[in-house]
Amino acid sequence: MNETMIEFFSETKFELENSKQVSTWIKDVILKEKFVLGEITYIFCDDEYLHKINLQFLNHDTFTDIISFDNTLGNEVHGEIYISVERVKDNALQYEVTFEEELNRVMIHGVLHFCGYTDKSEEESLVMRLKEDECLLLLKD
């Protein structure tokens, strides 16, 4: 039997304060999407750290807020999610939302990728955004 877990690590000066609540929320989202939780690892980092990963693995010379590596097996969700805390802070200011709200959106964005959602086209991005909004409402309950 596989052990299910969500782990949070930091490569920068950041600590997720409500990790138990967030873990429960993520598990609930995965179940709602008709998947089961395997192992998900979140790594919080800075722009430079994520930029190196973007160059090394995706050959993209850009800054980004999130990179996810999907290792899902069938309907069992597995993966690594790297999040630039610096980018999330900047995006929160740009979108006029709290840091926590933007962080939660980015965190669930990676999980939704693991559940089969994509955001390559404008239409897919719209569906992803609506799904993120739906998931964010679950966290507030």
Side-chain angles (χ1 to χ4, degrees), residues 2-141:
N2 289 343
E3 186 177 335
T4 63
M5 72 172 71
I6 299 172
E7 293 183 298
F8 303 98
F9 296 100
S10 188
E11 295 291 334
T12 189
K13 291 180 182 172
F14 174 80
E15 188 175 330
L16 187 65
E17 292 175 13
N18 56 343
S19 60
K20 284 188 178 177
Q21 180 190 11
V22 169
S23 292
T24 300
W25 169 58
I26 291 166
K27 288 176 194 172
D28 290 347
V29 167
I30 290 169
L31 289 174
K32 194 172 186 291
E33 292 297 321
K34 311 252 187 293
F35 284 79
V36 294
L37 174 63
E39 290 183 31
I40 298 177
T41 304
Y42 283 91
I43 299 93
F44 300 102
C45 57
D46 59 19
D47 279 345
E48 186 181 336
Y49 188 99
L50 199 55
H51 183 242
K52 285 179 185 172
I53 290 172
N54 213 2
L55 279 170
Q56 184 178 353
F57 293 99
L58 303 175
N59 206 25
H60 296 164
D61 189 9
T62 58
F63 289 105
T64 186
D65 52 357
I66 180 173
I67 294 176
S68 56
F69 294 97
D70 187 357
N71 299 314
T72 298
L73 302 168
N75 75 330
E76 190 173 273
V77 174
H78 293 270
E80 294 178 6
I81 298 173
Y82 293 81
I83 296 174
S84 168
V85 177
E86 287 179 276
R87 234 12 51 225
V88 171
K89 284 179 184 170
D90 287 351
N91 289 345
L93 288 171
Q94 182 183 337
Y95 300 129
E96 299 179 348
V97 296
T98 66
F99 169 76
E100 186 177 61
E101 184 178 343
E102 185 62 17
L103 180 63
N104 290 333
R105 180 178 298 281
V106 171
M107 289 178 72
I108 210 62
H109 181 91
V111 171
L112 290 171
H113 274 308
F114 299 163
C115 293
Y117 293 90
T118 59
D119 53 6
K120 299 265 187 247
S121 72
E122 206 171 304
E123 187 180 337
E124 290 170 341
S125 292
L126 182 61
V127 170
M128 175 71 91
R129 189 66 168 191
L130 292 171
K131 187 53 77 169
E132 290 167 4
D133 289 343
E134 184 183 305
C135 293
L136 287 169
L137 289 175
L138 293 175
L139 182 59
K140 295 174 181 165
D141 287 350

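Nothing fancy with the numbering, it's 1 onward along the sequence.
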Quiz item: What is the minimum heavy-atom distance between Glu33 and Cys115, and which atoms define it?
Solution: CB-SG, 4.0 Å

Quiz item: Looking only at atom types and distance, does a side-chain atom of Ser10 sit under 3.5 Å from a main-chain N or O of Lys13, one as donor and one as acceptor?
Solution: no

Practice problem: Quick one: closest heavy-atom pair of Ser68 and Phe114, and the distance? | Solution: CB-CE2, 3.8 Å

Self-check item: Side-chain touch Asn104/Val22, heavy atoms, less than 4.5 angstrom
Solution: yes

Exercise. Identify, with sequence neighbours excluded, every residue that meets side-chain hydrogen bond (donor to acceptor under 3.5 Å, both in side chains) alongside Glu132.
Key: Arg105, His109

Quiz item: To the nearest 0.5 Å, what is the distance between CD1 (Ile67) and CG (Leu50)?
Solution: 4.0 Å

Practice problem: Determine whether more than 12 heavy atoms belonging to other residues, nucleotides or ligands lie under 6.0 Å from atom CD of Glu15. | Solution: no

Quiz prompt | side chain to side chain contact (heavy atoms under 4.5 Å, CB included) between Phe44 and Tyr82, worked out | solution = CA-CA 6 Å; Phe44 300 102; Tyr82 293 81; over 6 Å; no

Quiz item: Rounded to the nearest 0.5 Å, what separation is found between the CG atom of Leu103 and the CD atom of Glu17?
Solution: 10.5 Å

Quiz item: Closest heavy-atom contact between Thr72 and Val77?
Solution: OG1-CA, 3.7 Å

Exercise. Sequence neighbours left out, what passes ring-ring contact (aromatic ring centres under 6.0 Å, His included) with Phe57? Give chain and number order.
Key: Phe69

Quiz item: CD/Glu102 to CE/Met107 distance, rounded to the nearest 0.5 angstrom?
Solution: 12.5 Å

Self-check item: Results of side-chain hydrogen bond (donor to acceptor under 3.5 Å, both in side chains) for Lys32 - residues two or more places apart only
Solution: Glu134

Quiz prompt | Derivation of the side chain to side chain contact (heavy atoms under 4.5 Å, CB included) call for Cys45 and Ile83 | solution = CA-CA 6 Å; Cys45 57; Ile83 296 174; 6.0 Å; no

Quiz prompt | Contact list for residues 24-43, test ring-ring contact (aromatic ring centres under 6.0 Å, His included), sequence neighbours left out | solution = Phe8-Tyr42

Quiz item: Under 3.5 Å, is there a donor-acceptor pair linking the side chains of Ser84 and Asp46?
Solution: no

Quiz item: Does any N or O in the side chain of His51 come within less than 3.5 Å of the main-chain N or O of Phe63, such that one atom is a donor and the other an acceptor?
Solution: no

Self-check item: His113 side, atom NE2; Ile81 side, atom CD1 - distance, nearest 0.5 Å
Solution: 9.0 Å

Exercise. Please step through side chain to side chain contact (heavy atoms under 4.5 Å, CB included) for the pair Glu11 and Ile43, ending with a clear verdict.
Key: CA-CA 7 Å; Glu11 295 291 334; Ile43 299 93; 3.6 Å; yes

Quiz prompt | From CA spacing to verdict: side chain to side chain contact (heavy atoms under 4.5 Å, CB included), Asp61, Leu55 | solution = CA-CA 6 Å; Asp61 189 9; Leu55 279 170; 3.7 Å; yes

Practice problem: State the CD1-CG distance between Ile6 and Leu37, to the nearest 0.5 angstrom. | Solution: 5.0 Å

Quiz item: Can you check whether Val88 reaches Phe99 side chain to side chain, under 4.5 Å on heavy atoms?
Solution: yes

Quiz item: To the nearest 0.5 Å, what is the distance between CE (Met5) and NZ (Lys27)?
Solution: 10.0 Å

Quiz item: What pair of heavy atoms forms the shortest contact from Val106 to Ile66, and how long is it?
Solution: O-CD1, 3.2 Å

For a quick test of your reading: what N or O donor-acceptor pairs under 3.5 Å do the side chains of residues 122-130 make, sequence neighbours left out?
unit_1	atom_1	unit_2	atom_2	d
Glu124	OE1	Thr118	OG1	3.2
Glu124	OE1	Lys120	N	2.9
Glu124	OE1	Ser121	N	3.0
Glu124	OE2	Thr118	OG1	3.1
Ser125	OG	Asp119	O	3.2
Ser125	OG	Ser121	O	3.0

Exercise. Could you pull out all residues at least two apart from Asp47 that satisfy salt bridge (Lys or Arg N to Asp or Glu O under 4.0 Å)?
Key: Arg87

Self-check item: Nearest atoms (heavy-atom pairs only) where Glu76 meets Gly38
Solution: CG-CA, 3.8 Å

